[in-house]
Visitor: 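Just dropping this structure here.
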Amino acid sequence: MYCGFYHLQPTLKKINVNTIRLLENFRVTHNGYKPNLYEDGYYSQWNEKGLFKPHRNDQIYSVLLPPPNVTGTLHLGHALTISVQDTIARWKRMCQNEVIWTPGVDHAGIATQVAVEKSLMKQGISRFDVGKTKFLEEVWKWKSDKSIIISEQIKKLGASVDWEREFFTMDEKHVNAVTCALIHLFKKDLIYREESLINWSPHLRSVVSDIEVDYVDVDGPTALSLPSYSEPITFGKLVDFSYRVVGSDKEIVVSTTRIETMFGDVAIAVNPNDNRYKPFWGCKFSHPFIGSEIPLVLDSRVDPSFGTGAVKITPAHDPTDFQISKSHNLPKRSVINEEGVLQNCGKFSGMKRFEARESICNELASLGLLKLIRPHKMKIPICSRSGDVLEYLIKPQWFIKCKEMAKKAILAVEEKKLIITPENYQANWFHWLENIQDWCISRQLWWGHQLPFYYCEGNDNNVWVAAQSEEEALEKSKCYISGPVTINRDPDVLDTWFSSGILPFACFGWPEKTKEFKKYYPLSTLITGNDILFFWVARMVMLGLELTNELPFKEVFLHGIICDSLGRKMSKSLGNVIAPEDVINGKSLEELQSRIENSVLSSEEKQKAKGSLKNLYPEGIPECGIDALRFTLLSNNVKSHYINFDIKQCIVNKHFCNKMWQACYFADLWLKKLSLSSEFLTLDLCDIHQPCTLMENWILAKLNFLIHVVNKGIENGDFHLATSSLRNFIHLELCDIYIEYVKPTLQNGLSAESKSAMQTLVYALVPSLKCLSPFMPFFTEHLYQSLPIKRNGFIMETSYPTFNKNLQKPHEELIERVSSILLVINEIRRIKHRIGINHRQVSVRIAEHSTELQNFKDVIEILAKCKINFGKPNIETESWIKEFVVGYTTYFHQDGYKSKVIETSMLSNRKNKLQMQLDKLLEMSKSEGYQKNAPLKVKKSHGDKILSLKKEIEKLDLKK
């Protein structure tokens, strides 16, 4: 039953009474598209009907939603990933594919622990105050609250995921999969434990991987605010101090940016090609604080241009020094503990590492050993999770051997078994994997997957084993130890990237070979941001190949990183971070700034962030709706490395929605006026329609090409080409051309012509809605349900339009013909606007006789608002303005006094434009730089132009 446009079908039961009342009022007033009224009712109905579940088909499309971290809420980057994936998933379903799209949430070990710790700190307590058990209870509460918010955000954005498959990376099934994966790798001797120099966050008291380290560049003395320090710490200084030769007054001056680690110095190093230090070869030097003697070593890794060219070697706290110590068999002395406090440093022990610097320098100065402190350009290693400056410590850690697995991942891309889109990221892939280091997978955290590694101690032997339980570990230890055994499980937890690295197969039941695993693994594609190509994608490929002997997916599609409209990365300190809901529902500037005020930023950072917000959104963010947000994100070339998000474009796309809305309103209105509604309710849109006019044929030809471009755009990930074509077809070709063209026909009442015009309009509207549906699911669903057409179910249950290749040749010819006519129309409009009669009918005579213009005479007259005749007018008896329109000599009729006013206005406008050109040239020619540097040829050309403009202005003055 058809209830009228803007009413809902009776099957759509979930919209409340207030919404329906608003809809009825909206139908009468037709004020335009109001997203908040129509975007809440459909999602639950789609889900309840089971439309997000896989429906059996030969073609399978299997995809995984990159699990958001349970640390907080979704940002625009998540919205982009969801928009890309949902567009493809909806398109695939409408193309009769069996789609399985799996959602989930990541436990995000370090990030979540930090977030909960910050929450506790607001209450004045730390995790050590509450203890591990109580702290983990707090984390699970956090997870429960945040995962609900995240799921609601995903639903709000329209993601058609199968919610029954939702996972959490710490649920029982996934814990089992992680344990099995680690035991498998341990058995194959791919996991080992070793003392190594690692990146340590004193604030987190945990190791972090190399790819979780950010580097801050400083050009000289720069104060940085760090956690655990009440005052900012200055970096960007180079300290020169001396070591004295044992038994001599001679000294060598070394340079360092880390004076606080000098207690761990075990040698001095110079480059063997640096002749300045040859007199010191073979010497030993006395440590001023601990009294030990340290040697001079020669090593080509020392840069002679760094400071004095001589450096101190501290293997326990510097990566380069660690490697040099291996080459020269030097000892390693740790002088900074896990909390970032000095140890084994005499009277300096117990001081924080960076606070000790001044005291150490003062002591060196009192001994006459401090030579110089100077500005220095350097990189500071920052923990991306905590914002702390990393410390390098030697600790026993668990590592995965990556070299062989990386070779397989490289080969997969080289042999094109794995496709990376865009292709330019293949070079990054090869470079990173060819230089890969072993992966440190242990983390000294409380939250995460505890490693299944047990240390078994016996009277005659000690051994590490990997096991599902302590009982199993005991059994395994008997192969190595006889007699009583003491077993202790390693308290460390697993790097989060490992647990997410097995998701493509673990989410289908691995290690069991379930029906779903056999059917849906490997994934069809992996869609994610280009910033985690190595964090996540490469590791999934390596683990997939190792654990399943298959690639986890056939293609990787990498989208860009969302930036603000100025091209800056989203950052809380910059104040340019906005949530999807800010755009969907709108947000005042005051609300945006209050969020900054309640953040953990410093006062200075808050002021800076507020100012940035005011510059970006001086009037706040207007309500744009879900569909406009999705369409805007996809209107960018998502393959670009960075994507600038501009709220103005979102507003434009909301207006685009309104244009389509009004087109559907127009169709509904005229179907009623012409009493065609009941006939269209029984009409099958798949029937062949025979248009009456060239323009009807033209709009359907343009529709056919639109279908081709949109299908190709989605298939190739060129969503911006698809959205551009949709916008151009709907806004310009359908609304501004075709609908404007048929209005006079409809206004003449019911006839064969008006019926055909309406039939063509509906034939164009419905496939347009279907093409638009994957991009704008809520908006198109409502319009589809509102049109008086024969249908069964929802728009996403229909088939996606397909390109009719058989019509390509005749359509191309017709489109070319109409394009030339549209050039004529646009030129006539331009001239009418110039002479001030753009809204009035005007008589136009085209001197040349043209059969093609005759064929499209009615089109030109309607769209250009003019009366066309052919043949040269009698310019002696009537007043005409002569113009050239796309090669045709064309005359515009002037009408008495009004035409004189028009001509005067036209002449005045022309004179103003010429005067502006003249003034610009005169100003430029008078400048000192022009007089000195401009070539003579240019000066002559400009002089001739100035004379020409002056003469033309004089002629216009005479005409007045």
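The basis for the numbers below is simple: all heavy atoms, side chains too, and nothing from hydrogens, waters or symmetry mates.
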Visitor: Can you list every pair that meets salt bridge (Lys or Arg N to Asp or Glu O under 4.0 Å) and has a residue in residues 793-802, with sequence neighbours left out?
Guide: K49-E797

Visitor: Just jot down the side chain to side chain donor-acceptor pair (under 3.5 Å) partners of E623, sequence neighbours excluded, or say none.
Guide: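 With neighbours one apart ignored, the set is empty.
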
Visitor: Is it the case that atom NZ in K519 sees more than 12 heavy atoms from other parts of the structure closer than 6.0 Å?
Guide: yes

Visitor: Look at the rings of H811 and F705 and say which category their plane angle falls in: under 30° parallel, 30 to 60° tilted, over 60° perpendicular.
Guide: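 Judged by the thresholds at 30° and 60°, the geometry between H811 and F705 is tilted.
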
Visitor: What heavy-atom pair brings E39 and G625 nearest, and what distance separates the two atoms?
Guide: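 Closest approach of E39 to G625, heavy atoms only: OE1-CA, 3.6 Å.
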
Visitor: With a sphere of 6.0 Å drawn around CD of Q59, does it hold more than 12 non-hydrogen atoms of other residues, nucleotides or ligands?
Guide: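 No, because the 6.0 Å sphere around CD of Q59 holds 12 heavy atoms or fewer from other groups.
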
Visitor: Got a sec, which residues hit side-chain contact (heavy atoms from CB on, under 4.5 Å) with I821, two or more places apart in sequence or on another chain?
Guide: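 Counting only residues at least two positions away or on another chain, I821 forms a side-chain contact (heavy atoms from CB on, under 4.5 Å) with I825, E852, L853, F856, I860.
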
Visitor: Residues in ring pair (Phe, Tyr, Trp, His ring centres under 6.0 Å) with F52, at least two apart?
Guide: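 Result, ring pair (Phe, Tyr, Trp, His ring centres under 6.0 Å) vs F52: Y43.
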
Visitor: Quiz question: by atom type and distance under 3.5 Å, do the side chains of E166 and S151 form a donor-acceptor pair?
Guide: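 Yes, S151 and E166 have a side-chain donor paired with an acceptor closer than 3.5 Å.
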
Visitor: Look at the side chain of S588 and the backbone N and O of G620, then say whether any donor-acceptor pair between them is shorter than 3.5 Å.
Guide: no

Visitor: I'd like to know if the side chain of D646 and the backbone of K648 have a donor-acceptor N/O pair within less than 3.5 Å.
Guide: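 Present.
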
Visitor: Knowing that exactly one of F779, F775, F631 qualifies, which makes a ring pair (Phe, Tyr, Trp, His ring centres under 6.0 Å) with F656?
Guide: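 The single option meeting the ring pair (Phe, Tyr, Trp, His ring centres under 6.0 Å) with F656 is F631.
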
Visitor: My understanding is that only residues two or more places apart in sequence, or in another chain, count here; which of them pass salt bridge (Lys or Arg N to Asp or Glu O under 4.0 Å) with E152?
Guide: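 Listed in chain order: K155.
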
Visitor: Is it true that, when you exclude N748 itself, more than 12 heavy atoms of the residues, nucleotides or ligands shown sit nearer than 6.0 Å to its CG?
Guide: yes

Visitor: Sub-3.5 Å donor-acceptor pair from the side chain of R829 to the main-chain atoms of L863, do we have one?
Guide: yes

Visitor: Quick one: side-chain contact (heavy atoms from CB on, under 4.5 Å) partners of S751, sequence neighbours excluded?
Guide: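 Per chain and number, S751 pairs via side-chain contact (heavy atoms from CB on, under 4.5 Å) with E753, S754.
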
Visitor: Check whether N636 reaches the backbone of V638 with its side chain - one donor and one acceptor, N or O, closer than 3.5 Å.
Guide: no

Visitor: Near E619 CD, under 6.0 Å, is it more than 12 heavy atoms from other residues, nucleotides or ligands?
Guide: no

Visitor: Tell me, please, which residues at least two apart from P67 pass side-chain contact (heavy atoms from CB on, under 4.5 Å).
Guide: D106, F167, L503, W536

Visitor: Quick one: ring pair (Phe, Tyr, Trp, His ring centres under 6.0 Å) partners of F778, sequence neighbours excluded?
Guide: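 Result, ring pair (Phe, Tyr, Trp, His ring centres under 6.0 Å) vs F778: W46.
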
Visitor: Using the ring pair (Phe, Tyr, Trp, His ring centres under 6.0 Å) rule, collect all pairs that involve residues 708-751, keeping only residues at least two apart or in two chains.
Guide: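 Ring pair (Phe, Tyr, Trp, His ring centres under 6.0 Å) check on residues 708-751 returns H708-F803.
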
Visitor: Do the side-chain N and O atoms of N711 and W91 include a donor-acceptor pair separated by under 3.5 angstrom?
Guide: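 Side chains of N711 and W91: pair found under 3.5 Å.
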
Visitor: According to salt bridge (Lys or Arg N to Asp or Glu O under 4.0 Å), who are the partners of E581, at least two apart in sequence or on a separate chain?
Guide: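 Listed in chain order: nothing, the list is empty.
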
Visitor: Strictly distance-based, threshold 3.5 Å: is any side-chain N or O of R165 a donor or acceptor partner for the main-chain N or O of W101?
Guide: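 Answer holds: no.
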
Visitor: Is there a donor-acceptor contact under 3.5 Å from the side chain of H55 to the main chain of R93?
Guide: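 No: the side chain of H55 does not pair with the backbone of R93.
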
Visitor: Quick one: salt bridge (Lys or Arg N to Asp or Glu O under 4.0 Å) pairs with a partner in residues 767-779, sequence neighbours left out?
Guide: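 Passing the test, one end in residues 767-779: no pairs.
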
Visitor: Any pair with a residue in residues 723-735 that passes salt bridge (Lys or Arg N to Asp or Glu O under 4.0 Å), sequence neighbours left out, goes on the list, sorted by first then second residue, please.
Guide: K702-E733

